Amino acid sequence: MNYYISDMHFGHQNILKYDARPWKDVHSMEYDMIDWWNLKITAKDDVYILGDFCFGGYDDWKRILSQLNGRKHLIIGNHDLKQFPSDIISLLAEPPVPYKEITDGSYRVLMCHYPLISYNHDTNPNTLMFYGHVHNTNEFVAVMESVKTMKECCQAVGFDYRGRLYNCWGGFFGWKPASLMEVLTNKYSNIRLRK
């Protein structure tokens with residue numbers, strides 16, 4: 001089964017306040033997020049991490065990745081490593097990339113750390129854009145407003161823009177990876193536009 005999550009920010013002290021996360025320190029956050037991940041994810045599951053996985057160095061990456069169940073795929077975020085040595089890549093299902101497309105059931109899922117308002121096959125109702133980066137901030141509200149404006153502008157010129165963007169920030173899903181249906185039905189993460 002496929003799962004999705006973004007912006008875990010392991011080891012990032014300031015993120016506790018920025019996201020109003022429910023932990024006093026990063027060690028408690030790490031312990032809980034690893035535990036919750038492993039209670040949900042099996043060795044057979046694929047987890048797509050949409051960036052900003054860890055704020056630490058190589059040793060932190062190795063230590064945390066080696067504890068997490070599943071086949072892990074990393075879509076690179078702005079707070080991730082700039083270079084990935086082979087011993088970290090060996091803990092992933094494939095080398096990290098800035099963008100990825102997969103099929104999940106009847107959907108084509110496009111993934112990037114950053115929200116892409118105009119994306120490949122954005123007229124197809126079965127094509128979804130999964131992203132992170134904006135957490136649950138005013139930037140997220142701006143993304144939603146931008147999608148709404150894009151739809152209105154496209155309708156005015158006869159273009160059938162669907163704009164199915166979904167924010168996969170971990171805070172929307174109890175700090176653990178979410179399945180496709182969990183992402184699609186989460187009232188906070190999705191941007192549903194009326195026709």
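Quick caveat, the model's predicted, so the values are computed rather than measured.
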N/O donor-acceptor pair under 3.5 Å between [X] side chain and [Y] backbone:
X    : Y    : result
N186 : F172 : yes
R71  : K44  : yes
K72  : L68  : yes
D52  : S6   : no
D60  : G57  : yes

With sequence neighbours excluded, tell me which residues meet ring-ring contact (aromatic ring centres under 6.0 Å, His included) with W23.
W36, W175

Partner set under ring-ring contact (aromatic ring centres under 6.0 Å, His included) for W61, not counting sequence neighbours
F53, F84

Could you walk me through whether Y99 and L110 pass the side-chain contact (heavy atoms from CB on, under 4.5 Å) test, one step at a time?
CA-CA 8 Å; Y99 175 87; L110 288 60; 3.0 Å; yes

Residue set satisfying side chain to side chain contact (heavy atoms under 4.5 Å, CB included) with Y114, at least two apart, ordered chain then number -> N78, C112, H133

Kindly determine whether L180 and L128 satisfy side-chain contact (heavy atoms from CB on, under 4.5 Å), including the steps that lead there.
CA-CA 10 Å; L180 176 76; L128 312 171; 3.8 Å; yes

Among residues at least two apart in sequence or on other chains, which ones pass side-chain hydrogen bond (donor to acceptor under 3.5 Å, both in side chains) with [X]?
X    : value
E182 : K40, S179
S118 : none
H73  : D46, E94
Y18  : none

Is the shortest heavy-atom distance from the side chain of [X] to the side chain of [Y] under 4.5 Å?
X    : Y    : value
Y161 : I117 : yes
Y4   : M111 : yes
M129 : R164 : no
P85  : Y58  : yes
T103 : V109 : no
D45  : N2   : no
I41  : Y3   : yes
F55  : V26  : no

Sequence-distant partners of [X], salt bridge (charged side-chain N to carboxylate O under 4.0 Å, His left out), two or more places apart:
X    : value
D59  : K62
D160 : R162
D104 : none

According to a hydrophobic-cluster definition based on side-chain heavy atoms being under 4.5 Å apart (Ile, Leu, Val, Met, Phe, Trp, Tyr only), do L91 and F10 belong together?
yes

Side-chain heavy atoms under 4.5 angstrom apart, residues restricted to Ile, Leu, Val, Met, Phe, Trp, Tyr: same cluster for M33 and Y31?
no

List the atom of N126, the atom of S106, and the distance in Å for their closest heavy-atom pair.
CB-O, 3.5 Å

Do you know which two heavy atoms are closest between P96 and I76, and how far apart they sit?
CB-CG1, 3.7 Å

Just grab all the salt bridge (charged side-chain N to carboxylate O under 4.0 Å, His left out) pairs involving residues 27-38, residues at least two apart or on different chains.
E30-R63

Please list all pairs passing the salt bridge (charged side-chain N to carboxylate O under 4.0 Å, His left out) test where one or both residues lie in residues 130-144, with sequence neighbours left out.
none

List the steps, then state whether side-chain contact (heavy atoms from CB on, under 4.5 Å) holds for N69 with T42.
CA-CA 6 Å; N69 291 343; T42 71; 6.0 Å; no

Whether the S28 and D25 side chains hold a donor-acceptor pair (N or O, under 3.5 Å, no angle test) is what I'd like checked.
yes

Quick one, H79 with H113, criterion ring-ring contact (aromatic ring centres under 6.0 Å, His included). Give me CA distance, side-chain angles, the key distance, then yes/no.
CA-CA 10 Å; H79 287 299; H113 180 60; 8.0 Å; no

How far does CD1 of I49 sit from SG of C54, to the nearest 0.5 angstrom?
10.5 Å

Is the F130 to Y119 ring centre distance short of 6.0 Å?
no

Show, in sequence, the C-alpha distance, side-chain angles and deciding distance for M150 and E145, and conclude whether the side-chain contact (heavy atoms from CB on, under 4.5 Å) test is met.
CA-CA 9 Å; M150 178 80 159; E145 289 300 314; over 6 Å; no

